[in-house]
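Since the structure comes first, as structure tokens, the remarks are kept for the end.
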Amino acid sequence: MEFTSNKYQDTLDFEVVKKPLYIEVDSRYIKDNTRVAIVNTSNNQIISHMSPSYALYDNKSFMNLANRISETFDIKLGHYSIHNHGERVLAAFEKTNKKHSIGNYTFDNHIVLYDSRDGSTKLNIGSTGRLHRCDNMFKSTNVQYGINHNSK
């Protein structure tokens, strides 16, 4: 899988939203109440289908959280990356020689924040010694905190 052409960017200048789905039956459109589409508004591309109870974490909120992490840890945000037209997003912070502790976990190396819009990962923060530029970038992180996408 490839990144989009603007894989390293300073902002996530598109938005993702939940939109209703409709099914065509006998030349009529009936709303599907069991699923919603997650849509990238910059190109109206459907990037996933989820339950209506799925709590979508939008790009503005993601960037606000990344800025709060940057300020809290006093580390510079390196860049954002997008994968599969916004299906997954990642905020990578510049490598730090400092160690930051929260609870029993130490953040060092590259601190990353990432999220998916297809339910494949939670909203996660962790650290990694390597930043992969493929699907593995979402699997090789030592995750400390992860939050499910639901109303709770």
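For the atom pair Asn64 CG and Ile69 CD1, the distance stands at 11.0 Å (nearest 0.5 Å). Annotation: the span from Asn84 atom CG to Ser48 atom OG amounts to 11.0 Å, rounded to 0.5 Å. The CG atom of Leu12 sits 10.0 Å away from the CG atom of Leu90 when rounded to the nearest 0.5 Å. Interatomic distance, Met63 CE to Asp58 CG, rounded to the nearest 0.5 Å: 9.0 Å. Taking NZ of Lys19 as the reference point, atom NE2 of His49 lies at 13.0 Å (rounded to 0.5 Å). Of the inter-residue distances, the one linking Asp118 atom CG with Ile38 atom CD1 reads 9.5 Å to the nearest 0.5 angstrom.
Using a distance-only test at 3.5 Å, with no hydrogens or angles considered, a donor-acceptor pair links the side chain of Glu15 to the main chain of Asn59. At distances below 3.5 Å, not a single donor-acceptor pair connects side-chain atoms of Asn40 with backbone N or O atoms of Gly86. At least one donor-acceptor pair under 3.5 Å links the side chain of Lys18 to the backbone N or O of Tyr54. Remark: side-chain polar atoms of Asp26 are not paired, donor with acceptor, to backbone N or O of Arg28 under 3.5 angstrom. With hydrogens and angles ignored, the 3.5 Å screen pairs no side-chain donor or acceptor of Thr41 with any backbone N or O of Val16.
By the 30° and 60° cut-offs, the orientation of the rings of Phe62 relative to Tyr57 is perpendicular.
In terms of hydrophobic clustering, with Ile, Leu, Val, Met, Phe, Trp and Tyr side chains grouped at heavy-atom distances under 4.5 Å, Phe14 and Tyr80 are assigned to a common cluster. The hydrophobic clustering, which links ILVMFWY residues whose side-chain heavy atoms are closer than 4.5 Å, places Val89 and Leu56 together.
Here the closest non-hydrogen pair linking Ala91 and Leu77 is CB-CD1, 3.9 Å. Residues Arg88 and Ser120 approach most closely at NH2-OG, 3.0 Å, considering heavy atoms. Across Arg35 and Ser51, no two heavy atoms sit closer than the pair NH1-N, 3.5 Å.
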